[in-house]
Asks: 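Structure incoming, see below.
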Number of protein chains: 2
Amino acid sequence: MLDYPLLAALAAVIRTGSFERAARQLHVTPSAVSQRVKLLEERLGTVLVVRGQPCTGTAAGQRLCQHVEQVVLLESELRGTLPGLSPADGPVTLRIAVNADSLATWFVAAMAEVPSCLFDLVLDDQDHSAEWLRKGEVLAAVTASAAPVPGCNSHPLGALRYRATASPGYMRRHFADGVTAESLAGAPCLTFNRKDRLQIQWLRLVLSDPDPARIPTPPTHWLPSTHAFVDGALAGLGWGMNPDPLVADHLAAGRLVELLPGRPLDVPLYWQQSRISGAALAELSRAVLRAGRQALHAADGDEREDGSAESPSAR
Amino acid sequence: MLDYPLLAALAAVIRTGSFERAARQLHVTPSAVSQRVKLLEERLGTVLVVRGQPCTGTAAGQRLCQHVEQVVLLESELRGTLPGLSPADGPVTLRIAVNADSLATWFVAAMAEVPSCLFDLVLDDQDHSAEWLRKGEVLAAVTASAAPVPGCNSHPLGALRYRATASPGYMRRHFADGVTAESLAGAPCLTFNRKDRLQIQWLRLVLSDPDPARIPTPPTHWLPSTHAFVDGALAGLGWGMNPDPLVADHLAAGRLVELLPGRPLDVPLYWQQSRISGAALAELSRAVLRAGRQALHAADGDEREDGSAESPSAR
DNA sequence: AACATGGATTAGCCCCGCTTCATCGGAGGA
DNA sequence: TCCTCCGATGAAGCGGGGCTAATCCATGTT
């Protein structure tokens with residue numbers, strides 16, 4: 001068996017980002033942590049931690065850290081069937097990949113239902129969620145891609161409804177003569193990041209022009225923050241696809257209006273969980289599916305339209 | 001994190017069945033092992049090992065032992081991606097449930113292709129294989145029940161072909177006037193154990209009488225050993241369903257004959273592997289599926305007949 | 001009844017890993 | 001440029017955890 005006191009120190013350093021915090025977590029002095037990590041590095045003949053602010057793991061270090069976390073997860077399951085084993089030295093931390101808009105709308109509700117464990121959330125902006133799942137770097141993911149990661153249980157969550165919204169002032173400025181392909185081509189829109197294709201998809205949907213060349217490509221602001229995105233629309237910076245739960249109040253109050261009322265874009269979301277460690281995730285999974293059912297729209301949207309054949313990549 | 005040196009000692013005792021052998025395996029004295037286990041028991045306030053010949057684990061002890069093995073498995077995967085970690089203190093032992101006839105025919109060929117790990121085979125006579133898989137006591141199983149254990153990958157292997165065989169002398173004694181329902185009712189047959197329903201199934205198949213009450217229940221010998229089963233047929237004790245690979249030579253040489261030539265019973269087999277630890281099992285899985293394809297018959301038997309709706313429970 | 005086997009116990013020692021304290025190095029600021 | 005602070009590292013020294021060795025004890029055997 002491996003030397004787990006040593007490995008635990010390494011994992012603590014990489015997770016907390018500093019020798020000092022790791023020491024506090026392990027209830028020893030920083031020197032002890034340093035010695036443990038050093039010893040591990042000498043035995044392996046490799047650098048495991050890149051010293052810096054914060055300290056991070058090298059490839060090998062991260063792999064070891066990941067192993068430690070898998071073992072900790074197994075331990076938490078063990079504790080479930082064998083109470084009184086030994087006081088857990090801290091609640092389990094589940095690393096989960098979530099897309100930004102889910103995090104901003106419904107996901108925290110699910111997290112709140114599982115107060116017994118900690119979360120280490122990773123935003124999958126870069127669409128790395130599938131890769132992370134495959135490599136075991138996250139235990140589960142909320143993803144917009146239905147593409148099933150091999151060996152993972154995939155559950156449909158429902159669809160997050162996006163509405164094309166802008167401020168009334170913006171509407172007067174740019175769409176006084178109606179929302180047409182021409183006016184859309186000149187009106188600035190908001191885009192979350194390079195991967196965000198929601199605006200384009202909506203355009204394609206509502207213009208229903210099969211020729212992609214005739215879909216306008218409006219000038220755009222880049223706003224990689226869900227709430228900044230809403231604020232951008234409120235401020236009249238541009239129009240953008242915003243999650244329904246975030247703009248419902250603004251729409252009701254008239255601070256925002258839909259470009260084309262009743263033409264939302266539904267993006268189906270999926271909950272994928274790695275096969276490693278079923279039991280530890282079971283509670284969270286239940287909560288996520290419940291929260292998803294509550295906040296999202298059933299796969300067959302009751303209003304109309306979903307993301308067409310090309311699977312929309314949610315933010 | 002748990003105290004793994006202590007747990008390793010416990011697991012070694014339970015697996016080897018004695019403190020002395022455990023000590024040899026861990027390169028320490030039996031006293032050290034005894035102290036480790038004792039300490040663990042004191043900390044938990046529970047007995048973990050029932051001292052005896054051999055030593056076995058209590059429920060709690062077995063659960064801990066199982067945890068250790070899961071961790072060891074994770075370690076073996078870690079070693080795969082991180083060579084030079086530390087010399088593995090012994091090859092990994094994979095605990096697999098296999099039905100007796102598979103073990104006697106084709107399964108060892110698959111094992112031989114994976115010389116890098118050790119095997120701890122469990123015969124699933126009692127049809128506990130599903131339960132074992134669910135509880136994580138075995139990592140994978142060759143089972144005759146298609147019933148998919150939740151959370152397990154299940155692959156069809158093909159069908160093991162059984163032939164109703166007896167010695168020529170036996171045939172003359174009991175079936176001189178032909179194999180009929182009447183003669184079958186009086187001719188002694190062989191049965192592997194209380195769970196073995198192959199003979200009954202074959203009778204139902206060949207007599208094709210929908211009324212189960214009219215299926216004869218011949219007098220039977222109980223022979224819970226695959227090779228003894230063949231020997232029993234050779235010796236003229238009775239007739240029985242024997243795996244084709246074991247009796248092909250005898251049939252060709254005339255030492256055995258089929259009760260009804262060309263009327264075999266095909267029992268489909270499945271390879272189910274637990275979700276824990278994919279990579280460590282991957283090589284074995286490939287070998288098993290390859291060996292299965294070679295030795296077994298494709299699901300759609302090319303000769304005729306399979307086990308009907310009621311899934312046959314192979315031995 | 002003596003013996004063999006295998007686990008438990010105890011004493012004692014050694015070494016491992018911790019703390020304490022000093023040092024070093026880099027980042028940020030006057 | 002020098003100073004200062006923070007945080008990682010190194011050396012020394014101590015304490016205890018865990019080992020070995022020797023003995024004890026229970027069980028079952030000849």
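Computed from a predicted structure; not experimentally measured. Order of the sequence lines fixes the chain letters, A, B, ..., with proteins taken first and strands second; residue numbering starts at 1 for each chain.
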Asks: Check whether any side-chain N or O of B:Lys38 sits under 4.0 Å from OP1 or OP2 of C:dT9, and answer yes or no.
Replies: yes
Asks: Distance check needed: C:dC16 P versus A:Leu6 CG, whole Å only.
Replies: 13 Å
Asks: Distance check needed: D:dA8 P versus A:Leu48 CG, whole Å only.
Replies: 16 Å
Asks: Run B:Thr16 and B:Gln25 through side chain to side chain donor-acceptor pair (under 3.5 Å) and show every step you take.
Replies: CA-CA 9 Å; B:Thr16 65; B:Gln25 186 174 309; 5.3 Å; no
Asks: Quick one: A:Asp3 CG to C:dC16 P, roughly how many Å, whole number?
Replies: 12 Å
Asks: Can you tell me the distance, in whole Å, between the CG atom of B:Leu40 and the P atom of C:dA8?
Replies: 13 Å
Asks: Taking the side chain of A:Cys55 as heavy atoms from C-beta outward, which of D:dA8, D:dG7, D:dG18 is closest to it?
Replies: D:dA8
Asks: I'd like to know if the side chain of A:His221 and the backbone of A:Gly238 have a donor-acceptor N/O pair within less than 3.5 Å.
Replies: no
Asks: What I'd like to find out is whether the side chain of A:Thr143 reaches to under 4.5 Å of the side chain of A:Asn99, using heavy atoms alone.
Replies: no
Asks: Side chain of B:Ser18 only, please: which of C:dG7, D:dC19, D:dT9 is the nearest?
Replies: C:dG7
Asks: Side-chain N or O of B:Ser34 versus OP1/OP2 of C:dG7: is the shortest distance under 4.0 Å?
Replies: no
Asks: For D:dC19, does either OP1 or OP2 sit under 4.0 Å from a side-chain N or O belonging to B:Arg36?
Replies: yes
Asks: Please determine, for the side chain of A:Gln35, which listed nucleotide (C:dT10, D:dG7, D:dA12) has the closest atom?
Replies: D:dA12
Asks: Do B:Val142 and B:Leu121 have side chains that get closer than 4.5 Å, going by heavy atoms?
Replies: no
Asks: To the nearest angstrom, how far is A:Leu39 atom CG from D:dA8 atom C1'?
Replies: 17 Å
Asks: Side-chain N or O of B:Thr29 versus OP1/OP2 of D:dT20: is the shortest distance under 4.0 Å?
Replies: yes
Asks: So, is A:Ser31 close to the C:dT19 phosphate, meaning a side-chain N or O under 4.0 Å from OP1 or OP2?
Replies: no
Asks: B:Ala32 side chain: which of D:dT9, C:dT19, D:dT20 is closest?
Replies: D:dT20
Asks: Under the side chain to side chain donor-acceptor pair (under 3.5 Å) rule, what do B:Asp196 and B:Thr191 come out as? Steps first, then yes or no, please.
Replies: CA-CA 6 Å; B:Asp196 176 15; B:Thr191 310; 5.2 Å; no
Asks: Let's see if you can work this out: which of C:dT20, C:dG7, D:dC19 has an atom nearest to the side-chain heavy atoms of B:Phe19?
Replies: C:dG7
Asks: Side chain of A:Glu20 only, please: which of D:dC19, C:dG17, D:dG7 is the nearest?
Replies: D:dG7
Asks: Let me know the distance between CD of B:Glu41 and C1' of C:dA8, rounded to the nearest Å.
Replies: 12 Å
Asks: Roughly how many Å is it from CZ in B:Arg21 to P in C:dT5, rounded to a whole number?
Replies: 14 Å
Asks: Does D:dG7 have its OP1 or OP2 closer than 4.0 Å to a side-chain nitrogen or oxygen of A:Arg51?
Replies: no
